Protein chains: 2
Amino acid sequence: MEERKKQVLNAIIKDYIANAEPVGSRAVSKKYDLGVSPATIRNEMSDLEEEGYIEQPHTSAGRIPSAKGYRYYVDNMMQREPLTSAQRHQVREIMSGEFSELDSFMRSCCNMISRLTNYTSIAAVPEQGRGNLLNLQLVSINEYQVLVILLASTGIVRHKLFELPLPINAEELARIEQKLRQYLVGAELKNISYDMLRERLYDFQRQDKLAEQAFDLLEQTLTGETAHKIFTGGIMNMLSQPEFQDIEKLRSMMSIIEDDPQVEKLLQTSDSDQLTVTIGGEMPVEGAQDCSMVVANYFVNGEKAGSLGVLGPTRLNYSRTVSLMEFIAGELSRTMSDKDKKSQE
Amino acid sequence: MEERKKQVLNAIIKDYIANAEPVGSRAVSKKYDLGVSPATIRNEMSDLEEEGYIEQPHTSAGRIPSAKGYRYYVDNMMQREPLTSAQRHQVREIMSGEFSELDSFMRSCCNMISRLTNYTSIAAVPEQGRGNLLNLQLVSINEYQVLVILLASTGIVRHKLFELPLPINAEELARIEQKLRQYLVGAELKNISYDMLRERLYDFQRQDKLAEQAFDLLEQTLTGETAHKIFTGGIMNMLSQPEFQDIEKLRSMMSIIEDDPQVEKLLQTSDSDQLTVTIGGEMPVEGAQDCSMVVANYFVNGEKAGSLGVLGPTRLNYSRTVSLMEFIAGELSRTMSDKDKKSQE
DNA sequence: GATAGCACTCTCCCTCGTCGAGTGCTAATA
DNA sequence: TATTAGCACTCGACGAGGGAGAGTGCTATC
């Protein structure tokens with residue numbers, strides 16, 4: 001694309017992102033001095049429209065960027081907005097806080113992202129933990145109920161209460177616990193699949209009826225649930241966006257944000273360490289076509305551990321949002337990797 | 001209040017709840033046959049307005065109920081709407097489901113309430129568990145990190161990761177664990193206050209430096225956090241209410257619903273087993289004056305265990321909502337008490 | 001190729017007039 | 001005395017009409 005046309009497109013997008021109103025040729029020529037008159041701009045705009053980068057809500061209105069326009073901007077022209085020190089500070093503050101509970105930590109991350117971006121934030125964390133199985137405890141509550149507590153090397157704890165079909169006494173339980181520890185402690189959590197369980201516990205399982213129960217029980221706790229835990233924040237920020245003054249649009253977005261599986265689907269983009277920017281029609285969920293999002297993955301020791309995203313109108317401030325999300329995901333990866341290393345010591 | 005005036009007020013409230021539009025004298029006389037002409041109704045309405053039970057948005061509009069009118073209706077005239085068997089069924093279905101995780105159970109309760117009422121639901125569960133301390137475990141992650149796991153008789157588990165200022169080895173940890181168990185297992189969780197800890201552990205605490213650490217640690221885990229965990233559901237239902245088509249009103253409600261402490265404040269009504277109906281200006285939170293709510297407490301073995309509420313416009317369907325919430329809170333109390341008894345066996 | 005000029009188009013906003021719903025008052029009625 | 005019918009009045013909703021303003025596309029000119 002010729003340089004001047006690029007500049008015109010850039011001006012239109014920037015202005016529209018800032019003001020949410022169609023941009024006219026006069027405004028472009030005045031505010032962003034390209035050294036040419038409005039008439040010239042008009043010709044360029046006419047071309048840009050023909051090529052599908054911008055569109056006109058109606059004759060005698062200015063132009064607004066199309067999804068294709070935003071895409072071109074993000075891919076070829078966008079420059080990352082430098083972060084202020086206040087922004088960096090806010091992120092680091094959250095990161096340096098305590099977090100023995102992953103849940104509440106992710107929640108405050110989401111709130112921080114919403115505060116910084118003024119958009120709705122979403123995040124997904126796999127239910128299945130990372131790290132190795134550090135310890136495993138079976139606690140008898142009564143003879144029909146057993147509490148299984150799993151401790152990962154990351155300091156994350158999971159627990160589940162099980163109802164047994166047959167009663168069990170303390171000695172038997174201790175014996176099973178012993179055996180399970182022997183076979184499973186040290187294994188990587190993500191490797192504890194059905195097959196792996198079967199392999200390691202094959203002999204044990206044959207041994208007696210109760211062991212078989214324990215087998216079923218572990219299988220349920222450890223495998224199966226590959227679902228992600230979903231967090232959202234700053235839903236209210238949607239309300240301040242002029243594009244969502246229309247209640248119907250708002251409702252269609254809200255129903256997606258409130259529905260965990262849909263949000264999970266949104267966050268399933270790439271597994272790379274690059275941000276993913278998804279614009280308008282590219283959104284993978286029905287009814288989110290008026291939105292864009294910026295999704296970043298975070299990594300613990302080089303391995304993908306979860307996703308963070310920001311959801312807003314297609315008129316998203318891509319430049320700022322990308323900078324912020326890149327920084328936040330980086331800090332989060334660093335913080336969680338540190339923590340992980342520390343707990344492995 | 002004279003019988004006929006009551007009937008007129010009743011008709012106005014019912015009609016307004018159903019249609020969200022000012023009710024005229026003609027409509028009252030026609031739809032709710034009181035056997036008198038519109039002119040007579042008009043006189044009654046004029047009286048009701050003078051006494052503050054209804055108001056007029058403007059001359060030549062019908063009347064709408066005032067907060068005082070709703071209050072009178074709820075206190076003196078309202079009849080509980082009988083539940084359908086489908087509604088009962090839905091509630092019982094959720095109740096009979098598994099719930100080893102209190103969190104996800106409460107979440108699905110909230111969703112159910114929203115589905116049944118078509119309003120936004122809110123719930124609060126005290127972080128501090130009910131029941132007795134059944135077991136306590138200290139798990140060493142590395143020499144500076146200890147995971148404290150608390151198991152309540154209700155099957156609810158809490159855990160917290162602690163960073164120690166001094167390293168600790170396995171034997172010492174085991175010794176402390178032993179002591180703590182000895183002193184604390186069996187105690188009622190809600191009684192484990194700072195004072196109680198001090199009393200029981202006084203000698204122990206003096207014993208050595210590490211025990212003192214353990215003391216601090218337990219104090220943090222067990223006391224202090226009297227905060228409630230807040231759940232919400234069906235936020236989207238707000239959008240379908242005609243009174244919240246105005247984005248500003250919507251925003252003021254949303255900002256309250258998104259803010260846990262505010263929701264907690266809303267739910268702090270009475271501790272009795274009666275429902276609390278709060279209407280318009282009675283709402284304890286700034287900015288919620290256009291709303292009403294119905295709050296029910298649920299009880300485990302006769303003791304208050306948490307609160308459930310429904311949040312909607314003042315034009316709330318009190319009759320149906322009260323019936324539903326009464327039923328749901330009752331079922332929830334029953335289910336959780338059963339579970340509690342079962343785990344005590 | 002860039003620009004100035006100009007007619008044209010379309011939205012926004014204001015005003016005006018009509019319509020209809022609903023009221024309050026008054027006089028008549030049971 | 002309570003109820004009702006009749007009637008003038010008020011006010012918001014709605015649609016038509018018109019001016020203002022923003023922005024365009026086209027054409028002729030530099």
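Here is how names work: the chains are called A, B, and so on, in the same order as the sequence lines, proteins then strands, and each is numbered from 1. On a predicted model such as this, the values are computed, not experimentally measured, just so you know. Note that these values count all heavy atoms, side chains included, but never hydrogens, waters or copies made by symmetry.
- Distances shown here put every side-chain N or O of B/R4 at or beyond 4.0 Å from the OP1 or OP2 atom of D/dA2.
- A straight line from CD of B/E55 to C1' of C/dT23 spans 17 Å, rounded to a whole angstrom.
- Rounded to whole angstrom, the span from the CD atom of B/E50 across to the P atom of C/dT23 amounts to 16 Å.
- For the side-chain contact (heavy atoms from CB on, under 4.5 Å) test with A/V294, the passing option among A/I279, A/T269, A/V277, A/N317 is A/V277; the others fail.
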Please assess B/C291 against B/F244 for the test side chain to side chain contact (heavy atoms under 4.5 Å, CB included), listing each intermediate value before the final yes or no.
CA-CA 10 Å; B/C291 284; B/F244 293 107; 3.6 Å; yes
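- Evaluation of atom-type donor-acceptor distances gives a pair under 3.5 Å for the side chain of A/R42 against the base of C/dG5.
- Ranked by how close their nearest DNA chain D nucleotide is to the 5' end, A/G24 and B/V36 are led by B/V36.
- Among the protein residues, A/A39 comes within range of the nucleic acid bases, having at least one heavy atom under 4.0 Å from a base atom.
- The base of D/dT10 has none of its N or O atoms less than 3.5 Å from a complementary donor or acceptor on the side chain of B/T59.
- The shortest distance between the side-chain N/O atoms of B/S25 and the OP1/OP2 oxygens of C/dG22 is not below 4.0 Å.
- The NZ-P distance, from B/K30 to C/dG22, rounds to 10 Å in whole Å.
- At least one donor-acceptor pair under 3.5 Å links the side chain of B/D246 to the backbone N or O of B/E248.
- The distance between atom NE2 of B/H58 and atom P of D/dA13, rounded to the nearest whole Å, is 6 Å.
- Contact of B/R26 with C/dG22 (side chain to base): no donor-acceptor pair of N or O atoms is detected under 3.5 Å.
- Closest approach to the A/S37 side chain among C/dA4, D/dG25, C/dG24 is made by C/dA4 (side chain taken as heavy atoms from C-beta onward).
- One atom, CD of A/E49, and another, P of D/dT24, lie 10 Å apart when rounded to the nearest Å.
- Take the nearest nucleotide of DNA chain C for B/N43 and for B/G62: the residue whose nucleotide is more 5' is B/G62.
- Rounded to a whole Å, the CG atom of B/D47 is 15 Å from the C1' atom of C/dC25.
- The distance between atom NZ of B/K31 and atom P of C/dA21, rounded to the nearest whole Å, is 14 Å.
- Among the nucleotides C/dT23, D/dG25, C/dA2, the one closest to any side-chain atom of B/R63 is C/dT23.
- Residue B/S60 places no side-chain N or O under 4.0 Å from the OP1 or OP2 atom of C/dG20.
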B/V23/B/V28 under side chain to side chain contact (heavy atoms under 4.5 Å, CB included): CA gap, chis, key distance, verdict
CA-CA 7 Å; B/V23 191; B/V28 172; 3.7 Å; yes
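- Following rounding to the nearest Å, A/E21 (CD) and C/dC12 (P) show an atom-to-atom distance of 10 Å.
- A donor-acceptor pair shorter than 3.5 Å cannot be found between the side chains of B/Y32 and B/N10.
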